[in-house]
Amino acid sequence: NVMPKIASVEYDITQSMYSEVNRDTLLSFRAWGEISSDVGAYFYSARYNNYIVPIESFNDRQELYAFLHNCGVTNLTDLGAGRETGFASGFCALKVYLSAKLARDTNMDFNAHINKFFDNVYLDASKTMKQIFDEWRYLDAYNTDLYPEYAGKSSYKVNIAKEKYFPLSTLQRWQALFEQALQEIDYLKVENEEQYKLVYKMIVGERVFVNYLTYRIYALTLSSSELATLKSDLVSDINTAGVAMLSEDPNKSINELLDELQK
């Protein structure tokens, strides 16, 4: 009646389980799987120094879940923005959805479920929101290849709010796409107000990470009017989506950021 539960702090969520950097974790799961019919697993997938900014852990998620299944894992904690009690920006909602589906079927059509999520969550704004998601993943892959510190074993504590990672032109294009997405669901205000509120929350919840990065990197570059609008949108979106934690540190409440934005 004892279940070994493996929490490998050395595991690099940004790389495949089969990569050399994760070899010790792989061997540990395989070894425990040989002597126990029930194995527990505990994984981390967030930037714990800042829950608002995203981390790419979609690429190898299906492969990871299939591996764990083959090792006899029956109890899995896949911790994202761990202490986040409200909305977690950076497409964490999609990650939670995919993880729940993979836990039941590791052979599912991964990309089809991504499309299903966007179509059913964002409705008429699905295509636009998917464009933002895809462009973010492309940029993340570029940063990963170009900057060794951007991804890797210690990426959960790297400050990625830097100009070299996120050009202003890219962030502004995403902001324009968010505005387009909101226009695409505007008709729901009249047709179904409750549904509009739900979809609006999901859209602006993802806009949080884009506006946050813009604020952190380019606050001194923007005009006073642009900065005022940015700060106002960020405060509104954080409150609407219900973002509750800024980081794993319980002493760093989201109120600290809200106070800063409202000065």
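- If you look at Phe133 and Phe58, their ring centroids are closer than 6.0 Å.
- Nearest approach of Val158 to Glu149, heavy atoms of both residues: CG2-O, 3.3 Å.
- One finds the CG atom of Asn50 at 8.5 Å from the CG atom of Leu257 (value rounded to the nearest 0.5 Å).
- Counted within 6.0 Å of OH on Tyr142, heavy atoms from surrounding residues, nucleotides or ligands total 12 or fewer; the atom is thus considered open.
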List the atom pairs, donor and acceptor, that lie under 3.5 Å between side-chain atoms in residues 26-38 and the rest of the protein, sequence neighbours left out.
unit_1, atom_1, unit_2, atom_2, d
Ser36, OG, Asp38, N, 3.3
Ser36, OG, Asp38, O, 2.6
Asp38, OD1, Thr74, OG1, 3.1

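- A distance below 6.0 Å separates the ring centres of Tyr18 and Phe67.
- Cluster annotation: Leu198 is not connected to Ile203 through the hydrophobic network of ILVMFWY side chains, with a link wherever side-chain heavy atoms come within less than 4.5 Å.
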Before you tell me yes or no, could you show the steps for Arg47 and Glu248 under salt bridge (Lys or Arg N to Asp or Glu O under 4.0 Å), namely the whole-Å CA-CA distance, both residues' side-chain angles and the distance that decides it to 0.1 Å? CA-CA 9 Å; Arg47 294 189 185 275; Glu248 189 177 29; over 6 Å; no

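- Tyr44 and Val96 are not part of a single hydrophobic cluster, where members link through side-chain heavy atoms under 4.5 Å apart.
- With no hydrogens or angles considered, no side-chain donor-acceptor pair links Gln183 and Asp186 at under 3.5 Å.
- Heavy atoms of other residues, nucleotides or ligands lying less than 6.0 angstrom from NE2 of His113 number more than 12.
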Using the salt bridge (Lys or Arg N to Asp or Glu O under 4.0 Å) rule, take Asp78 and Arg61 through it: C-alpha gap first, then chi angles, then the decisive distance, then the call. CA-CA 10 Å; Asp78 190 354; Arg61 184 155 294 258; 2.4 Å; yes

Glu163 and Arg216: salt bridge (Lys or Arg N to Asp or Glu O under 4.0 Å), yes or no, with the steps? CA-CA 10 Å; Glu163 183 176 355; Arg216 275 283 173 255; over 6 Å; no

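- Under the 30°/60° scheme for interplanar angles, the aromatic rings of Phe209 and Phe91 are found to stand perpendicular.
- When all heavy atoms are compared, the tightest approach of Trp174 to Ile132 is O-CD1, 4.1 Å.
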